[in-house]
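Written out below as structure tokens is the structure these notes cover.
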Amino acid sequence: MVEEERIVVPKVKLGNQGLQVSKLGYGCTGLSGMYSDPVPDDVGISIIKHAFHKGVTFYDTADIYGTNHANEILVGKALKLLPREKIQLATKFGVAGFESGTLVLKGTPDYVRACCLSSLKRLDVEYIDLYYVHRIDTSVPIEDTMGELKKLVEEGKIKYIGLSEASPDTITRAHAVHPITALQMEWSLWTRDIEDEIVPLCRELGIGIVPYCPLGSGIFGGKAIVESISANSFRQSLPRFQGENFAKNKILCNRVEKLAEKHGCSPPQLALSWLLHQGDDVAPIPGTTKIKNLDNNIGSVNVKLTKEDLNEICDAIPIHEVAGPREPEQFDRFSYKYANTPAKESKAHA
């Protein structure tokens, strides 16, 4: 494993509007029970503080994470103990709730504003650095949603705008209303479908990329994580972690372990380093509830890979061998593949 003591987490620019973040961010959702039981506030705060003192300054949350918005509240408490001007805080809106086992999305202008004001209050901050549309409400023209976000930028309530799980059409149309700074998408060794069209489009438009689930929801987190998935973990609902699919995917996990040994690092360090080497406009946001895993993740910035190494890693995890879709069917229909907004013009931006 790469030692973490002599690590300097580099900074990268996301987008062309001036946002600079730590090359490795921290996804906070797991602190509020996404993959295991929620951690006590004092534990969550200590993890966020530890990450900051190790050089991680980019923190990701959302209004839907945790019961009664618990994640934003927790992150807000932690930020009170850190220098706000050195933090890049990202949160999200757009998932209004769950109904009959599926997502309820909302992107109307009044909802955009109400969510932003509520997040500011829960986080107890004067501004949000990066405010994402969490999922695209296809019943509302993206121009309407973006128009309200643009007003919030002009008012100083948010600094930069991001999208998550947006299609190429949505990205292009949104960017025409106001520059998009970052696109958050699932991207990892076993989820690479955004590389064909989404990544080139982002680079053409000058949009940074923030990969979520960069460790494949934990599949590349090491044997201990893979062999001890708790009954209440979100992973239990993911097709790739079920039955025959899981058995097949463990083979891929074993290949990453062998490659990690070759490079003198841990499996998560190899998986994260592979992503870190995808470009200077990429800032993955792995999450964990354990300090030792956090330090291990941060160690990935010291793993050096050549072009040949990157190709070897890709060859070891061929996409056609990954068993199962990345999301359950009821969630997959809200992914970027179906996120084109209606072609009609909005009244506000006609």
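Hydrogens, waters and symmetry mates play no part in the numbers below; they use all other heavy atoms, side chains included.
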Which heavy atom in [X] sits nearest to a heavy atom in [Y], and how many Å separate them?
| X | Y | value |
| --- | --- | --- |
| S273 | H277 | O-ND1, 2.7 Å |
| K106 | D137 | CA-OD2, 3.4 Å |
| L252 | A316 | CD2-O, 4.3 Å |

[X] side chain to [Y] side chain, donor-acceptor N/O pair below 3.5 angstrom:
| X | Y | answer |
| --- | --- | --- |
| R240 | T191 | yes |
| H50 | S46 | no |
| Q269 | N296 | yes |
| D169 | S167 | no |
| Q278 | W187 | no |

Please round to the nearest 0.5 Å and tell me the distance separating atom [atom1] of [X] and atom [atom2] of [Y].
| X | Y | atom1 | atom2 | result |
| --- | --- | --- | --- | --- |
| M146 | H178 | CE | NE2 | 7.0 Å |
| I317 | W274 | CD1 | CH2 | 10.0 Å |
| D41 | L31 | CG | CG | 9.5 Å |
| S300 | L24 | OG | CG | 5.0 Å |
| K262 | I313 | NZ | CD1 | 8.5 Å |
| I128 | C116 | CD1 | SG | 4.5 Å |

### Task
Please confirm whether the backbone N or O of I219 pairs with a side-chain atom of N249, one donor and one acceptor, at under 3.5 Å?
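Not confirmed, N249 side chain does not pair with I219 backbone.
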### Query
Do any N or O atoms from the side chain of K23 and from the backbone of V56 form a donor-acceptor pair under 3.5 angstrom?
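Between the backbone of V56 and the side chain of K23 there is no qualifying donor-acceptor contact (under 3.5 Å).
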### Task
Sequence neighbours left out, what pairs pass ring-ring contact (aromatic ring centres under 6.0 Å, His included) with at least one residue falling in residues 137-176?
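Pairs touching residues 137-176 that pass the test: none.
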### Task
Check the hydrophobic clustering (I, L, V, M, F, W, Y; side-chain heavy atoms under 4.5 Å; chains of links allowed) and say if L201 and Y132 are grouped together.
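Looking at the clustering, Y132 is in a separate group from L201.
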### Query
For D124, which residues count as a side-chain hydrogen bond (donor to acceptor under 3.5 Å, both in side chains) partner, sequence neighbours excluded?
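Only K80 meet the side-chain hydrogen bond (donor to acceptor under 3.5 Å, both in side chains) criterion with D124.
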### Task
Evaluate the ring planes of F246 and F241, with Trp represented by its six-membered ring, and classify them as parallel (under 30°), tilted (30 to 60°) or perpendicular (over 60°).
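Tilted, since the angle between the ring planes falls between 30° and 60°.
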Please list, one pair per line, the donor and acceptor atoms closer than 3.5 Å that link side chains of residues 85-98 to other protein atoms, with sequence neighbours excluded.
{"unit_1": "Q88", "atom_1": "OE1", "unit_2": "T57", "atom_2": "OG1", "d": "2.6"}
{"unit_1": "Q88", "atom_1": "NE2", "unit_2": "K86", "atom_2": "O", "d": "3.2"}
{"unit_1": "T91", "atom_1": "OG1", "unit_2": "E72", "atom_2": "OE2", "d": "2.6"}
{"unit_1": "K92", "atom_1": "NZ", "unit_2": "D60", "atom_2": "OD1", "d": "2.6"}
{"unit_1": "K92", "atom_1": "NZ", "unit_2": "D60", "atom_2": "OD2", "d": "3.2"}
{"unit_1": "K92", "atom_1": "NZ", "unit_2": "T61", "atom_2": "O", "d": "2.9"}
{"unit_1": "K92", "atom_1": "NZ", "unit_2": "Y65", "atom_2": "OH", "d": "3.4"}

### Task
Using the side-chain hydrogen bond (donor to acceptor under 3.5 Å, both in side chains) rule, take E165 and Y212 through it: C-alpha gap first, then chi angles, then the decisive distance, then the call.
CA-CA 10 Å; E165 288 293 338; Y212 71 86; 2.6 Å; yes
### Query
In this structure, are over 12 heavy atoms from other groups packed under 6.0 Å from N68 atom CG?
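No, not enclosed.
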### Query
Salt bridge or not for E155 and K150, using N-O below 4.0 Å?
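No.
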